[in-house]
Amino acid sequence: MYTPLFENGLYGRLREQAGQHWQDYVDHPFLQQLAVGTLPEAAFKRYLTQDYLFLIHFARAYALLVSKLRTLPEMRTATASLNAIVSELPLHVAYCRSWGLDEAQIVAEAEAPETMNYTRYVLDIGHSGDALDLLAALLPCVAGYAEIGLGLLHSSDTVMAGNPYANWIRNYGDEGYLTGVRAAVQLLENVGHQRGAESRFSELSQIFTTATQLESAFWQMGLNAS
């Protein structure tokens with residue numbers, strides 16, 4: 001019921017072109033263990049802490065995106081995503097607190113190499129390229145998390161009862177999150193039409209696939225903490 005969102009248009013083609021790298025990302029062992037509740041707590045806490053630091057730089061990337069867009073409707077869409085990330089940070093802190101992590105601990109944590117590699121790559125693409133390049137770097141995270149959340153929610157292998165990670169799964173399978181993803185995918189489509197995505201597909205695909213690989217490395221960073 002949600003497949004067309006992920007398979008159609010420019011996003012669908014970029015996702016398909018990522019091939020096995022995409023499958024490695026959305027079906028990573030970190031997620032397989034999270035789905036059945038066997039993921040070690042240390043791995044999840046490492047992920048949560050680094051994800052907070054990641055979100056700060058992701059907000060910076062969206063602020064950069066706003067400055068690179070040309071029309072007010074596009075700017076509104078990107079600003080809504082920026083506001084959602086900034087609003088999510090206090091919620092993220094509250095969720096971390098339920099895992100015994102307070103904000104002072106999180107902020108004091110050093111960025112993992114995987115966090116730096118990913119966030120600085122996205123920002124570098126944003127500074128050196130245009131809005132379309134930056135969207136190609138952002139969408140593996142934005143839409144990928146929706147695909148993961150919905151996939152886990154609808155999988156017969158997922159165990160929700162008694163799973164300490166059930167709320168995380170519900171969050172990314174939530175209709176509110178999916179609404180933001182639809183807007184982001186449509187923005188990619190619109191900007192792609194304006195800025196010659198067809199003639200640039202090879203370069204856009206390389207950006208998208210690299211960001212996908214960096215997503216997998218981020219999961220592995222968490223898993224390594226166990």
### Query
Do Tyr165 side-chain atoms and Leu39 backbone N/O form a donor-acceptor pair below 3.5 Å?
yes

### Message
A side-chain contact here means heavy atoms from C-beta on lying under 4.5 Å apart; do Val185 and Leu10 qualify?
### Response
no

### Query
Would a distance-only check, ignoring hydrogens and angles, find a side-chain to backbone donor-acceptor pair under 3.5 Å from Thr210 to Gln206?
yes

### Parallel, tilted or perpendicular: ring planes of Trp219 versus His28, cut at 30 and 60 degrees
tilted

### Task
Indicate if Met116 and Val122 have the same hydrophobic cluster label, given that clusters are the connected sets of ILVMFWY residues with side-chain heavy-atom separations under 4.5 angstrom.
no

#### Entry: Tyr47 and Trp168, any side-chain heavy atoms less than 4.5 Å apart
yes

### Query
Atom CG of Asp133 and atom NE2 of His127: how far apart are they, to the nearest 0.5 Å?
13.5 Å

### Task
Using modelled atom types only, decide if a donor and an acceptor are shared between the side chain of Asn163 and the backbone of Ala35 within a distance under 3.5 Å.
yes

### Task
Measure from the side-chain N and O atoms of Thr158 to the backbone N and O of Leu152, and report whether any donor-acceptor pair falls under 3.5 Å.
yes

### Message
If hydrophobic clusters are built by linking Ile, Leu, Val, Met, Phe, Trp and Tyr wherever their side-chain heavy atoms come under 4.5 Å apart, do Ile56 and Leu64 end up in the same one?
### Response
yes

### Query
Around atom CD of Glu16, are there more than 12 heavy atoms of other residues, nucleotides or ligands at under 6.0 Å?
no

### Task
Answer whether the closest heavy-atom distance between the side chains of Tyr121 and Asn117 falls below 4.5 Å.
no

### Query
Does Arg200 use its side chain to pair, donor to acceptor, with the backbone of Arg195 at less than 3.5 Å?
yes

### Message
Does this structure show an ion pair linking Arg70 with Asp130, if we count only N-O contacts that are shorter than 4.0 Å?
### Response
no

### Query
Are the side chain of Thr209 and the backbone N or O of Ser205 linked by a donor-acceptor pair below 3.5 Å?
yes

### Summary
Closest non-hydrogen atoms of Ile125 and Ala137, given as atom of the first, atom of the second and distance, are CG2-CB, 4.2 Å

### Task
Verify whether one side chain among Glu189 and Tyr11 offers a donor that lies under 3.5 Å from an acceptor in the other.
no

### Message
What I'd like to find out is whether the side chain of Leu150 reaches to under 4.5 Å of the side chain of Phe6, using heavy atoms alone.
### Response
yes

### Query
So, Thr179 side chain and Glu175 main chain: donor-acceptor pair closer than 3.5 Å or not?
yes

### Task
Could you please spell out the steps behind the side-chain contact (heavy atoms from CB on, under 4.5 Å) verdict for Phe58 and Leu138?
CA-CA 8 Å; Phe58 214 58; Leu138 290 167; 3.4 Å; yes

### Message
As a quick check of understanding, evaluate side-chain hydrogen bond (donor to acceptor under 3.5 Å, both in side chains) for Thr71 and Glu74, giving each step before the final call.
### Response
CA-CA 5 Å; Thr71 72; Glu74 292 167 352; 3.2 Å; yes

### Inter-residue atom distance Leu223.CG - Ser216.OG, 0.5 Å rounding
12.0 Å

### Query
When you measure from the side chain of Lys45 to the backbone N and O of Leu101, does any donor-acceptor pair fall under 3.5 Å?
no

### Message
Do Phe201 and Arg13 have side chains that approach each other closer than 4.5 Å (heavy atoms only, starting at C-beta)?
### Response
yes

#### Entry: Exam field: side chain Thr77 to backbone Pro73, donor-acceptor pair closer than 3.5 Å
yes

### Close side-chain approach of Met160 and Leu153, heavy atoms under 4.5 Å
yes

### Task
Nearest 0.5 Å please: distance from the CD1 atom of Ile85 over to the CZ atom of Arg60.
12.5 Å

### Message
Between Thr49 and Cys96, is the side-chain contact (heavy atoms from CB on, under 4.5 Å) condition met? List the steps.
### Response
CA-CA 8 Å; Thr49 301; Cys96 287; 5.9 Å; no

### Task
Say whether Gln186 and Asn190, considering side chains only, have a donor N or O and an acceptor N or O under 3.5 Å apart.
yes

### Query
Do you reckon Leu55 sits in the same ILVMFWY cluster as Leu123, going by side-chain contacts under 4.5 Å, direct or chained?
no

### Query
What side-chain hydrogen bond (donor to acceptor under 3.5 Å, both in side chains) pairs are there with at least one residue in residues 101-113, not counting sequence neighbours?
Arg46-Glu109, Tyr52-Glu103, His57-Glu111, Glu111-Arg120

### Task
Say whether Phe44 and Val159 are linked into one hydrophobic cluster, either directly or through other cluster members, by side-chain heavy-atom distances under 4.5 angstrom.
no

### Task
Given side-chain contact (heavy atoms from CB on, under 4.5 Å), test Tyr145 with Glu215 step by step and report yes or no.
CA-CA 10 Å; Tyr145 265 57; Glu215 279 285 1; 3.9 Å; yes

### Message
Restricting to non-hydrogen atoms, name the atom on Val36 and the atom on Asp157 that form the minimum distance, rounded to 0.1 Å.
### Response
CG1-O, 3.5 Å

### Distance in Å, Gln20 CD paired with Asp27 CG, rounded so as to fall on 0.5 Å steps
9.0 Å

### Task
First locate atom OG1 of Thr119, then atom CZ of Phe218, and finally report the distance between them rounded to the nearest 0.5 Å.
8.5 Å

### Message
Just by distance, no angles: are the side chains of Thr115 and Gln50 close enough, under 3.5 Å, to form a donor-acceptor pair?
### Response
yes

### Query
Taking C-beta and beyond as the side chain, do Asn167 and Asn171 meet within less than 4.5 Å on heavy atoms?
no

### Task
For atom NE2 of His21, decide whether the heavy atoms of other residues, nucleotides or ligands shown that lie under 6.0 angstrom number more than 12.
no

### Approximate separation, where rounding is to 0.5 Å, of Leu139 CG and Leu188 CG
5.0 Å

### Query
Hey, is the main chain of Val142 close enough, under 3.5 Å, to the side chain of Tyr177 for a donor-acceptor pair?
yes

### Query
Is there a donor in the side chain of Trp22 and an acceptor in the side chain of Glu147, or the other way round, less than 3.5 Å apart?
yes

### Query
Quick one: are Tyr172 and Ile148 in side-chain contact, heavy atoms under 4.5 Å?
no

